[in-house]
Amino acid sequence: MKASPEGVLTGVHFMDGDHAACEGAIAAGCRFVAGYPITPSTEVVERFSVRIPTVGGMFIQMEDEIASSIAIQGAAWGGAKVMTVTSGPGLSLMMEHIGLAVMAEVPCVIVDVQRGGPSTGLPTLPAQADMMQVKWGSHGDYQIIALSPNSPQECFDLMIRAFNLSETWRCPVFMMMDEVVGHMVERVEIPPADQIEIVPRRWTTKKPSEYRAFEPGPDMVPDMAKAGDGYKLHITGLTHDERGYPAMNVPAQNRLVRRLSDKILKNRDKIVDVREDGCEDADIIVVSYGITSRVAGAAVEMARGLGLKVGSARMVVCWPFPDVEIARLSRKAKAIVVPELNLGQMVGEVERAACGDARVYLVDHAGGSVHEPERILETILQAARDAGLGFKTEAERS
Amino acid sequence: MSRSEIRVGGLGGQGVILCGTIIGKAASIYDHKHSGMIQSFGPEARGSSCSAQVILSDEVIGYPYVRNLDVLVAMSNDACHKFLPELKKDGVLLYEEELVSFPEGTRPAKAWGIPATRFAEELGRKLVLNIVMVGFFAGVTGLVSRQAAEAAVRDSVPAGTEGLNLKAFARGYEYGRELVGGAA
Amino acid sequence: MNPTEIMVSDADEKDVDTSRVAPIENPVLSMLRQDRLPHIWCPGCGIGTVVNCFSRALMSSGHDMNNVAVVSGIGCTGRVAGYMNLDSFHTTHGRSIPFATGLRLANPGLKVVVFSGDGDLFAIGGNHFLHAARRNLDMLIVCVNNFTYGMTGGQVAPTTPLKSTQSTMPFGNFEPPMNLPFVADAAGASYVARWTVFHIRQLVRAMKEGMEHKGFSFIEIMSPCPTLYLRRNKLGDGVDQVRYFKEHSVLKNGANTQDVAITATDPIVVGTFVERERPTWLDSRNAQLTATLGDRFVPYGGQNVQK
C-alpha cells in the first residue's frame with residue numbers, strides 16, 4: 001500500500017541523518033516511539049516529539065532504555081507501528097528485549113546511532129562497533145535484520161525499508177547508523193506519499209475461534225492480531241506452541257527456534273542488498289558498509305587510478321549476512337579488503353563466506369573518526385603486492 | 001573532481017552552524033551541487049567556541065570531513081587561530097576584522113576582513129552577523145551563487161525576518177565583491 | 001478519609017455470597033484459559049485466591065472482556081497472565097509496567113491490569129513503578145507480596161521481613177523491607193490499597209475500584225508462600241498464614257502510608273489508603289498539546305489509524 005500523506009514532508013531538504021531517519025519513520029507509518037536521550041541519537045526522538053503531535057502519533061520519553069525497548073512492544077500489540085532509538089550504552093540495556101521481540105515476533109525498528117565504545121567511550125564520535133552486538137547480543141539463537149545507511153538520504157529511504165521488513169518478517173530490524181551519518185547534513189529528497197510503498201501490518205483475517213497466534217503462513221511468518229479485538233491473545237517470552245501457550249519441551253523448542261531463524265535465513269534473498277560496482281573483472285574487491293563505504297569509495301578511485309582492477313561491494317543489509325554474494329565475489333577476486341570502524345567484526349563473516357577462495361584483509365579503526373582513504377588504499381596495494389598484481393606508483397601516475 | 005572544503009568557526013551564539021548550513025544548503029539545493037555539513041560535536045561543542053565543516057563538490061562526497069581546507073570563515077579570534085593551521089597554502093581566510101587580530105607577519109596572503117558585527121548592528125540586529133558572513137563568503141569566493149545563497153537565507157531564517165536577513169546578506173556580499181574587485 | 005480502626009472480624013464472612021458458588025463448576029471458570037489448567041502454583045499458595053478475586057471483580061465489573069488486558073512480569077505471580085482468558089502478556093522480569101505503558105497508550109480503549117510479584121515490581125522493576133506512578137498512567141497494578149522470590153527457590157526479596165531466613169540470607173535478613181504503599185503514595189499513585197488473601201470480599205471490591213479509578217492504582221496483597229517462605233521460617237502452612245492475616249489485620253482506611261510498614265510486632269494495616277483525583281498522563285498530554293498547538297494537535301489515532 002502507499003504511505004498515508006499525513007506527516008510526509010515531501011520536498012527537498014537540507015537535513016541531518018537523525019532528522020531524516022525520523023522523517024522516514026513517520027512516512028513509514030510509525031506512530032509510537034518510546035525513547036531515552038543518548039548522544040548521538042537524541043535528535044531523532046527530539047524531532048519525533050515535535051512532529052508527531054500534529055500527525056496523530058505518540059511519543060513518550062521513558063525512564064531508561066530498558067523501558068523504551070519494551071514499551072514499544074506493548075504498543076505494537078496495541079496496534080501501532082513502533083520504533084525506539086538509541087546508541088551503544090542504551091543498546092546494551094535493550095538486549096533482553098531484543099530477545100523478547102524475536103521470540104514473540106514483534107514488528108519493531110530499533111535505531112542505533114553508533115558511537116565509540118566500550119562503555120561510555122566516545123559519545124560524540126563515530127564507530128561501527130555494535131555490528132556483532134545487534135546480531136548476537138541477546139541470549140539464545142536467533143536472527144535479526146540490520147541495515148546500514150551511508151547518507152542522510154539513505155537514513156530516510158532505508159527507514160521505510162526497515163519498517164517494511166519488520167512488518168513483513170515480524171522481527172526487530174536495526175538501523176545501524178553512526179555518529180557521522182546521524183549528524184551530517186546533506187540534501188534529502190522526500191518523495192510524495194503516493195510514491196512511498198509501505199507494508200501494512202499483517203493482520204489476521206481469521207475469526208478468533210479459528211485463529212492461532214503463532215501458526216505460520218507459507219512464508220513461515222504468522223499473521224498478527226492486536227489486543228482489544230477479541231482474540232484473547234497469550235503472548236510470552238517462554239518457548240510456546242502455535243497457540244502461544246508455554247510449551248517447555250524439546251520438540252516445541254526445536255520447532256519454534258528453528259522457524260524464528262529460518263523465516264529470515266530461508267527468505268534471505270528477499271532481504272539482502274549488496275550494491276556492487278566494478279566487481280565483474282575486479283582482482284580486488286573492497287567490501288564495506290555504512291559511512292565507511294563512502295570513504296572506501298574514495299580509496300577505490302585512487303587504486304583504480306594506479307591501474308588496479310578494484311571493485312566495491314557495499315552491504316546495505318548487513319544481517320542477514322550476504323554470504324552467498326560474498327562467496328561469489330571471492331571466487332572471482334584474488335583479495336577482499338574490509339574497512340570498518342572497529343577492530344574486526346564483519347570481516348570475520350566475510351572470511352567465513354570467502355572460504356579461503358580470496359585472501360581477506362581487514363582495515364581496522366578503533367573509532368572516533370572515519371578512515372583516511374589512504375589507509376584503505378595502503379591495504380589495497382598490499383593485497384595487490386601479495387597477489388603479484390602490478391600497479392603504477394604515485395610518481396608514475398603523476 | 002572539484003571539491004571545496006570550508007570551515008566556519010566562531011563563538012556559540014554567533015550563528016556559526018547556521019552560517020555553514022546556509023552555505024551547504026545554497027550549494028546542494030539551489031546550485032544543484034553536492035554538499036555536506038558537519039558541525040563540531042565533541043567536548044569543544046560544549047565550550048564557547050564552535051565550528052562547522054562544509055564540503056562542496058561536483059561529485060558525490062566520499063570523505064566527509066575537512067582534510068585540505070580551502071576556505072576558513074572565522075568569526076572569533078580563538079576560532080581563527082585554532083583553525084588557521086589547517087588552512088592549505090594559498091587557502092582563503094575570511095574573518096571578522098574587528099574581532100580577529102594577527103601577530104606581526106602571521107596574516108595569510110589571501111585574507112579578507114569584514115566588520116560584520118558592526119554591519120549587523122547598523123542594520124539593527126547584531127544577530128544577523130552570521131548572514132553578513134554568508135554574503136561575504138559568497139561575494140569573495142563565488143563558491144555559491146548569489147541567487148542560491150539568497151534562496152537558502154530566505155528559507156533558513158525565522159519567518160518575518162527574511163527582509164532584514166537579505167539586507168544583511170547583501171551588505172556582506174557587496175562588501176566582498178568590492179574587496180576582490182568584482183562588480184557587486 | 002478519616003482513619004477508622006476496626007478489627008476485621010468473622011462478621012465479614014457473612015458477606016460471602018454463597019449463591020454464586022455452584023456445586024460442580026467453578027464459577028470463575030469462564031474467566032480462565034481452561035485448556036491451560038491445572039496451574040503451576042503450590043498447594044496453600046495465595047495466588048490462586050487472588051486470581052479468583054480478580055475473576056470475580058471482572059465478572060461483576062460489567063467490562064467487555066475483549067477490552068481488558070493483563071500484563072505480567074516473571075515469577076510465580078507473573079504466571080497469572082497465562083491463565084486469564086483475556087488478552088494476556090507474559091513479558092520480561094521487571095518490565096511489565098513499561099510494556100503495559102506502551103500497550104495502554106497505543107490502544108487507549110483498553111483496561112490494562114498489571115499482575116506481578118513484589119520482587120518483579122519493586123526490585124528489578126522498581127524504577128518503572130516509580131515513574132508510572134509519577135506519570136499517573138491509567139492502569140491497575142496488582143502486587144502479590146509473598147515476601148520472597150518463589151519461582152527461583154526462595155531468595156531474599158525487597159519485602160522480606162527482618163530476621164527471616166532465605167536461601168540467599170541464610171543467617172537472617174538484615175535488609176529493611178520496603179513499605180510498598182508508602183512508596184506508591186510518595187511516587188504519586190492515585191489509588192493505593194492493601195489487603196491480604198484472607199480479605200476476599202474487600203479484595204474483589206478493591207480490584208473493581210482500582211479498575212474504575214482513573215489513574216495509577218496500586219493494590220498490595222499479602223499472600224502466603226508455604227513452600228519457600230513459611231516452611232523455611234517455621235511459620236506453618238498456608239492456612240496458618242491466612243489465620244495469622246485474619247488475626248493480625250487492622251482496617252485503617254485513609255491511614256498515613258508512612259505508618260503501614262509491615263513489622264514483626266505491629267498489626268498488619270489494611271484498607272484503602274489513598275484515593276486522589278489527579279489528571280492521567282494521557283489527559284495531561286492532550287490538555288497541554290491542545291493548549292499549545294490548538295487545532296493543529298491531532299490526538300493519538302486521530303488520523304491514519306491502522307485497521
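Sequence lines set the chain letters: A, B, ... in the order given, protein chains first and strands last, and positions in each chain run from 1. Atom set for the values below is all heavy atoms of this structure, side chains included, hydrogens, waters and symmetry mates excluded.
Between the side chains of Asp35(C) and Tyr245(A), at least one donor-acceptor pair of N or O atoms lies under 3.5 Å.
Along residues 62-69 of chain A, the residues that come nearer than 4.5 angstrom to chain C, judged on non-hydrogen atoms, are Met62(A), Glu63(A), Asp64(A), Ile66(A), Ala67(A) in order of number.
Counting heavy-atom pairs under 4.5 Å between each of Leu100(A), Leu238(A), Val82(A) and chain C puts Leu238(A) at the top. Note: His128(C) leads Arg296(C), His128(C), His131(C) in heavy-atom pairs under 4.5 Å with chain A. With respect to chain C, the highest number of heavy-atom pairs below 4.5 Å among Ile72(A), Asp229(A), Ile70(A) belongs to Ile70(A). Contact count against chain A (heavy-atom pairs under 4.5 Å) is highest for Asn85(C) among Asn67(C), Asn127(C), Leu110(C), Asn85(C). Per-residue heavy-atom pair counts under 4.5 Å with chain A were compared for Leu86(C), Leu282(C), Asp64(C), Leu289(C), and the maximum is reached by Leu86(C). Contact tally against chain C (heavy-atom pairs below 4.5 Å) for Gly57(A), Ala76(A), Gly237(A), Pro5(A): the top residue is Gly57(A). Considering only heavy-atom pairs separated by less than 4.5 Å from chain C, the leading option among His97(A), Arg243(A), Met58(A), Lys232(A) is Lys232(A).
Here CG of Leu103(C) is found 9.5 Å from CZ of Phe32(A). Values are rounded to the nearest 0.5 Å.
With a threshold of 4.5 angstrom between heavy atoms, Ala227(A) approaches chain C through its backbone and through its side chain. In this structure, the portion of Arg135(C) lying under 4.5 Å from any heavy atom of chain A is its side chain and not its backbone. Looking at Ala81(C), both its backbone and its side chain come within 4.5 Å of chain A, counting heavy atoms on both sides. Heavy-atom distances place the side chain of Arg285(C), and not its backbone, under 4.5 Å from chain A.
Taking all atoms of both residues into account, the shortest heavy-atom contact from Tyr231(A) to Asp87(C) is C-OD1, 4.1 Å. Closest non-hydrogen pair, Gly82(C) versus His234(A), comes out as CA-CE1, 3.3 Å. Heavy-atom minimum distance, Trp281(C) versus Phe59(A): CH2-O, 3.7 Å. The two residues Leu293(C) and Pro53(A) have their closest heavy-atom pair at CD1-CB, 3.6 Å.
Here the side chains of Lys226(A) and Asn107(C) are in contact, with some heavy-atom distance below 4.5 Å.
Every residue meeting the side-chain contact (heavy atoms from CB on, under 4.5 Å) condition with Thr10(A), not counting sequence neighbours, appears here in chain and number order: Val8(A), Pro192(A).
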